[in-house]
Each structure stands twice: as structure tokens, then as C-alpha cells.
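Sequence positions, counted from 1, serve as the residue numbers for this chain.
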Amino acid sequence: MFTQKNRHQALVFCLTALSAAAILQGCGAKSQEDYLSKMKEFSTPDKTASIYLNQDWQEEDLQMDCWLGAGTKKGDKAAILMQFPKSGSNALAGSMEEVTTLLESNYNVSDKKDAEVPSIPGMSNISAFTCKMTADGATGGAYLIYGETDYAYYALSYVANNLKDGDITSFKASCSKFHEEAPEIEDNFTSEMSDTIRWFNASYAILTKANNWDYNLFGGVPANDESAATIQQLLTEWWDVTDRATADETLDWILTEGHRADFVENMQTLEGVGVTADTPTEELITLLTDEYSFDDEEAQTYANAYGMYTQFGENAISGWDYCRAMNLLGYYFTAGYYTEQEALDKSLEIAQTMQPLFESWDDLIDSYLRGYEYWAGGDSQERRAIYEDLKAAGDNPYAVDFKMNLEKTW
């Protein structure tokens with residue numbers, strides 16, 4: 001899985017190649033056609049994207065298969081194409097905003113101004129800017145472009161110490177030859193994506209989106225050998241699930257106990273020492289810190305949890321366990337521990353159990369987020385924001401009726 005640390009290291013590496021850019025591509029050219037006559041095609045190492053650059057340039061190893069960098073032998077000019085696949089186990093970004101923040105914070109972008117937008121074949125939502133970029137203490141002028149295709153988000157840039165109109169014309173010529181060869185991704189999930197399965201996916205769509213995966217896919221990623229390895233590693237690291245036996249054991253625990261059992265036990269313990277719904281929060285925190293040696297953060301978490309308990313009862317965080325159980329079944333199928341039939345059948349069983357406990361998606365997700373706060377010991381604002389963003393999305397996973405008749409469709 002591609003981590004924030006990996007991305008940062010790759011970006012820093014890219015900056016070294018870009019920091020000295022100064023001279024125009026195709027010196028003396030007056031039009032895009034003149035520039036293109038001095039160019040040839042350069043492709044990302046995985047061959048999924050390409051643009052044209054000066055034929056004398058040399059490729060730079062940016063340590064990312066879907067990123068292209070090239071410059072002169074002297075290192076006095078350079079350009080870069082960054083591709084951020086949107087979904088699957090190789091997803092690198094969840095939105096254009098994330099791409100923008102990542103690039104501009106690492107490149108120390110400043111003096112950003114709107115610029116003429118180039119025409120780039122197959123790309124939409126294109127924006128362009130002139131700006132300054134700083135790397136290793138060197139600052140240069142830059143022409144920076146953002147755009148997207150169905151497959152990926154893109155950031156393309158050209159840097160020069162004294163950015164001129166010719167630089168921009170040159171890079172527009174480069175981008176006019178942009179070509180994407182999006183890979184065909186194998187997916188061994190065979191069932192039709194019915195509303196019942198969409199309901200399953202929606203129950204854990206927040207986590208799917210947080211991982212930059214696709215909530216329109218059962219389990220969040222295409223079912224193939226690559227994603228199986230990714231999910232197997234995830235299950236080992238986060239759940240101690242390594243095979244069918246431990247998968248069964250973990251699912252049984254979350255369905256029969258989960259965090260809700262621990263939650264109820266702890267809240268009843270507080271009641272046993274005299275805590276009631278009328279106990280002020282400050283008094284409860286003092287009790288926990290003075291009498292039971294909780295630190296301030298732990299005491300606040302338990303005080304918050306007790307508030308949930310008094311308001312919503314023993315099932316206050318049940319949604320947390322049930323949504324995670326649904327998520328696990330998607331992972332179990334992708335990892336190869338359950339067959340598609342087994343994972344879908346068990347998902348239907350759990351969905352039919354949890355659906356009557358809640359009135360709506362909002363009701364379920366509120367319970368899920370309370371459970372997240374109890375488990376994580378903090379607030380759930382980030383995940384709440386993801387939920388609100390998903391509801392506003394064009395492919396809103398929560399558009400499926402929560403109270404629909406859940407039935408087997410596979």
C-alpha cells in the first residue's frame with residue numbers, strides 16, 4: 001500500500017530534478033508545431049501515461065511507476081508528470097484537493113496565479129497556474145497543470161528560473177500529445193451489482209473512502225491477485241487474521257461481543273461505583289483520574305462514552321461493530337479466505353440483523369461514529385466529514401434506500 005511517507009520521499013526526489021530548470025524546450029521555437037518537431041514521446045515506467053518532450057532529454061528515475069520525469073543532460077531544465085490512480089489497491093489519492101495539497105505543500109508553492117488552460121486530450125476539469133516552486137533552497141518559476149481522467153488525477157509541471165511565454169507554449173505543446181493507456185484491471189467478483197450489494201458497500205463506505213478505494217466495489221478493490229496480497233497484509237496488521245480459521249474466529253468475536261460488549265461492561269462498572277446520568281462530567285473525570293489513575297485523555301474518553309450510554313443505551317455503539325463486520329466480509333472475499341458466495345450470504349445475514357436496529361443511514365452512521373470515538377479515544381470529525389462528502393457525491397453510496405427489502409440477488 002502506498003503510504004504518505006512513500007509519497008513524501010518520492011516528491012522530495014522529484015524536486016531535486018526540477019529545481020534547476022531554466023532554459024526553454026526547443027530553443028527559438030515560435031509555435032506548438034515547431035516545438036513538437038523537436039520532441040519525442042516519453043512514458044511513465046508502467047506505460048499508463050505519456051507526453052512529448054524534447055528528444056534530447058533524459059528520463060529521471062522518480063521511484064514511482066506511474067510518474068514521469070525528464071530533463072537535459074546538464075540538468076538545467078526538467079518537467080514532470082504525476083499520475084494518481086483513483087481506485088483499486090494502487091490508488092494514490094482520493095480527490096484532486098488531496099493531490100493539490102500534497103504537491104503544493106511539498107513543493108513550497110507560492111505566488112500562485114491563474115494561467116491559460118491548455119487543451120489536453122482525454123483530460124477534464126483542467127486548471128493551470130503560474131507559480132514559484134522551491135526545492136533544496138532553489139526557487140524557480142513554474143507552469144503547473146491539474147486535471148483528471150476516469151482513471152486518475154494528474155499534476156504536470158514545467159519549471160524555469162525565469163519563466164517566459166515560450167516556456168508555457170512549449171509545455172502546452174508537450175501536453176497536447178498527452179496519452180493515457182489505463183490498465184485493464186482484473187476483477188474476479190462475478191455477481192451483478194444489485195441494490196442489496198450496494199447496501200452492503202454503503203455500510204462501510206466511510207472506511208473505503210478513507211483508504212482511497214472504490215465504494216462501488218464489493219470489498220472496495222477489484223478482486224485479483226494483487227489486491228489479495230494487499231488485503232491479506234492489511235488483515236494481518238490490523239486484525240491478526242492470517243487464514244480461514246482466524247477469519248472465522250474474528251468475525252465470530254465481532255458479532256457476539258465486539259467493542260459493544262466491552263463498552264457495556266465498562267459503563268456498568270461506572271454505575272456500580274455510583275455514577276449516574278446526573279453525575280456532572282467534571283465530577284466523573286475527577287473520579288476516574290483520582291480514584292482509578294486514569295490519565296486526563298482516558299478519563300475524558302470514558303466520560304464521553306458514559307454520555308453515549310445514558311443517551312442511547314447498551315446499543316449505543318452497535319453500528320461500529322456491525323459495519324466493521326460487513327467490511328471484514330468484503331476483505332475476506334478479496335483476500336481469498338471466503339468464496340464470493342460465502343461472503344455475500346454472510347453479509348446478507350448480518351445486514352438483515354442490523355437493519356431493524358436503526359432508522360436510517362444517519363442513525364446507523366451516528367452509532368458507527370460513536371463506536372469509532374470509543375475505540376480511538378478521540379473525536380470522529382474526519383470520518384463525519386467523509387460521510388457528509390459521500391452523501392453529496394454524484395455516486396452517493398447512501399442513495400440506496402436504507403429500509404429496502406434486503407434479498408439475495410446472486
Would you say that more than 12 heavy atoms from the other residues, nucleotides or ligands in this model lie under 6.0 Å from the CD of Glu388, or not?
yes
Given Ser227 and Asn224, is the side-chain hydrogen bond (donor to acceptor under 3.5 Å, both in side chains) satisfied, shown in steps?
CA-CA 6 Å; Ser227 52; Asn224 53 46; 3.0 Å; yes
Kindly indicate, with the supporting measurements, whether the criterion side-chain hydrogen bond (donor to acceptor under 3.5 Å, both in side chains) is fulfilled by Asp243 and Thr246.
CA-CA 6 Å; Asp243 53 19; Thr246 51; 2.7 Å; yes
Classify the angle between the aromatic ring planes of Trp375 and Trp238 as parallel (below 30°), tilted (30 to 60°) or perpendicular (above 60°).
tilted
Inspect the surroundings of CG in Asp225 and state if more than 12 heavy atoms from other residues, nucleotides or ligands are less than 6.0 Å away.
no
Geometric cation-pi criterion Arg384 and Tyr372, 6.0 Å radius, 45° cone:
no
Report yes if the side chains of Glu298 and Leu288 come closer than 4.5 Å at any heavy-atom pair, otherwise no.
no
Would you tabulate the side-chain donor-acceptor contacts of residues 113-128 under 3.5 Å, counting partners in other chains and residues two or more places apart, or write 'none'?
residue	atom	partner	partner atom	Å
Glu116	OE1	Lys172	NZ	3.0
Ser124	OG	Glu148	O	3.4
Asn125	ND2	Glu148	OE2	2.7

Fit a plane to each ring of His259 and Trp320, take the angle between them on a 0 to 90° scale, and name the class: parallel (under 30°), tilted (30 to 60°) or perpendicular (over 60°).
tilted
Any donor-acceptor pair under 3.5 Å from Asp379 side chain to Gln381 backbone
yes
In terms of side-chain geometry, is the basic nitrogen of Lys391 or Asp362 positioned less than 4.0 Å from the acidic oxygen of its partner?
yes
How close do Thr409 and Ser194 get, counting heavy atoms only, and between which atoms?
OG1-OG, 2.6 Å
Under 3.5 Å, is there a donor on one side chain and an acceptor on the other for Asp46 and Thr44?
yes
With a 6.0 Å cut-off on the ring centroids, do Phe402 and Phe358 count as close?
no
Test your reading of the model: is there a side-chain donor-acceptor pair from Arg260 to the backbone of Leu255, 3.5 Å cut-off?
yes
Residues at least two apart in sequence or cross-chain that pass side chain to side chain donor-acceptor pair (under 3.5 Å) with Asp389, listed by chain then number, are none
Nearest 0.5 Å please: distance from the CZ atom of Phe263 over to the OH atom of Tyr302.
10.5 Å
Atom CG in Leu36, atom OG in Ser170: separation rounded to 0.5 Å?
8.5 Å
Side-chain donor-acceptor contact under 3.5 Å, Asp248 with Tyr332
no
CE/Met354 to CE/Met326 distance, rounded to the nearest 0.5 angstrom?
6.0 Å
With heavy-atom distances below 4.5 Å as the criterion, would you say the side chains of Phe200 and Leu348 are in contact?
yes
I want to check something: taking the side chain as every heavy atom from C-beta on, are Leu53 and Ile51 in contact at a cut-off of under 4.5 Å?
yes
Ring centroid separation for Tyr387 and Tyr368, is it under 6.0 angstrom?
no
Sort and list the pairs that fulfil side chain to side chain donor-acceptor pair (under 3.5 Å) and have at least one residue in residues 398-408, not counting sequence neighbours.
Asp345-Lys408
Looking at Pro183 and Thr48, what are the two nearest heavy atoms and their distance?
CD-CG2, 3.8 Å
Which atom pair, heavy atoms only, marks the closest approach of Ala223 to Thr334?
CA-CG2, 4.5 Å
If you count the non-hydrogen atoms of other residues, nucleotides and ligands that lie under 6.0 Å from CD in Glu297, is the total more than 12?
no
How long is the straight-line distance from OG1 of Thr169 back to NZ of Lys164, given to the nearest 0.5 Å?
13.0 Å
Close side-chain approach of Met133 and Leu103, heavy atoms under 4.5 Å
yes
What distance do Asp167 atom CG and Tyr158 atom OH have between them, rounded to the nearest 0.5 Å?
4.0 Å
Shortest non-hydrogen contact from Ala393 toward Tyr215
CB-OH, 4.0 Å
List the steps and the verdict of side chain to side chain contact (heavy atoms under 4.5 Å, CB included) for Thr134 and Ser110.
CA-CA 9 Å; Thr134 302; Ser110 61; 5.5 Å; no
Any luck finding a side-chain donor-acceptor pair between Asp296 and Gln300 under 3.5 Å?
no
If we ignore hydrogens and angles and just use 3.5 Å, is the side chain of Thr250 paired with the main-chain N or O of Ala247 as donor and acceptor?
no
Please check this pair: side chain of Gln55 against backbone of Lys40, looking for a donor-acceptor N/O pair closer than 3.5 Å.
no
Give the C-alpha distance, both sets of side-chain angles, the deciding distance and a yes or no for side chain to side chain contact (heavy atoms under 4.5 Å, CB included) between Ile197 and Trp410.
CA-CA 9 Å; Ile197 298 176; Trp410 49 89; 4.1 Å; yes
May I ask you to say whether Glu349 pairs ionically with Lys346, meaning some side-chain N is under 4.0 Å from a carboxylate O?
yes
Would you please say whether a donor-acceptor pair under 3.5 Å links the side chains of Asn266 and Thr269?
no
Between Tyr309 and Tyr306, how do the two ring planes meet: parallel, tilted or perpendicular, split at 30° and 60°?
tilted
For the residue pair Asn304 and Glu373, establish whether any side-chain heavy-atom pair is separated by less than 4.5 Å.
no
Closer than 3.5 angstrom, by distance alone: can the side chain of Gln83 be matched with the main-chain N or O of Ala152 as a donor-acceptor pair?
no
Check the side chains of Asp321 and Ser318 for a donor-acceptor pair under 3.5 angstrom, ignoring hydrogens and angles.
no
Between atom CG of Leu357 and atom OG of Ser367, what is the distance when rounded to the nearest 0.5 Å?
9.0 Å
Least distance between heavy atoms, Tyr338 atom then Glu342 atom
CA-OE1, 3.5 Å
Any Lys86 side-chain heavy atom under 4.5 Å of Tyr153 side chain
yes
Go through it in stages, so that I can follow the logic: the residues are Leu235 and Tyr337, the test is side chain to side chain contact (heavy atoms under 4.5 Å, CB included), and I'd like the CA-CA distance, side-chain angles, deciding distance and then a yes or no.
CA-CA 11 Å; Leu235 287 169; Tyr337 299 147; 3.8 Å; yes
Side-chain heavy-atom pair Val273, Glu291 within 4.5 angstrom cut-off:
no
Does atom CG (Asp150) have a neighbourhood of more than 12 heavy atoms from anything else shown, all under 6.0 Å?
no
Under 3.5 Å, is there a donor-acceptor pair linking the side chains of Tyr52 and Glu41?
no
Please check if the number of heavy atoms outside Glu257 that lie under 6.0 Å from its CD is greater than 12.
yes
Could you go step by step and tell me if Tyr154 and Glu180 meet the side-chain hydrogen bond (donor to acceptor under 3.5 Å, both in side chains) rule?
CA-CA 11 Å; Tyr154 286 90; Glu180 180 183 75; 2.6 Å; yes
Which atom names give the shortest non-hydrogen contact between Trp361 and Val400, and what distance separates them?
NE1-O, 2.9 Å
Would you say that Glu314 contacts Gln268 through its side chain, given a criterion of any heavy-atom pair below 4.5 Å between the two side chains?
yes
Phe42 vs Leu81, test: side chain to side chain contact (heavy atoms under 4.5 Å, CB included). Steps then yes/no.
CA-CA 10 Å; Phe42 285 72; Leu81 178 155; over 6 Å; no
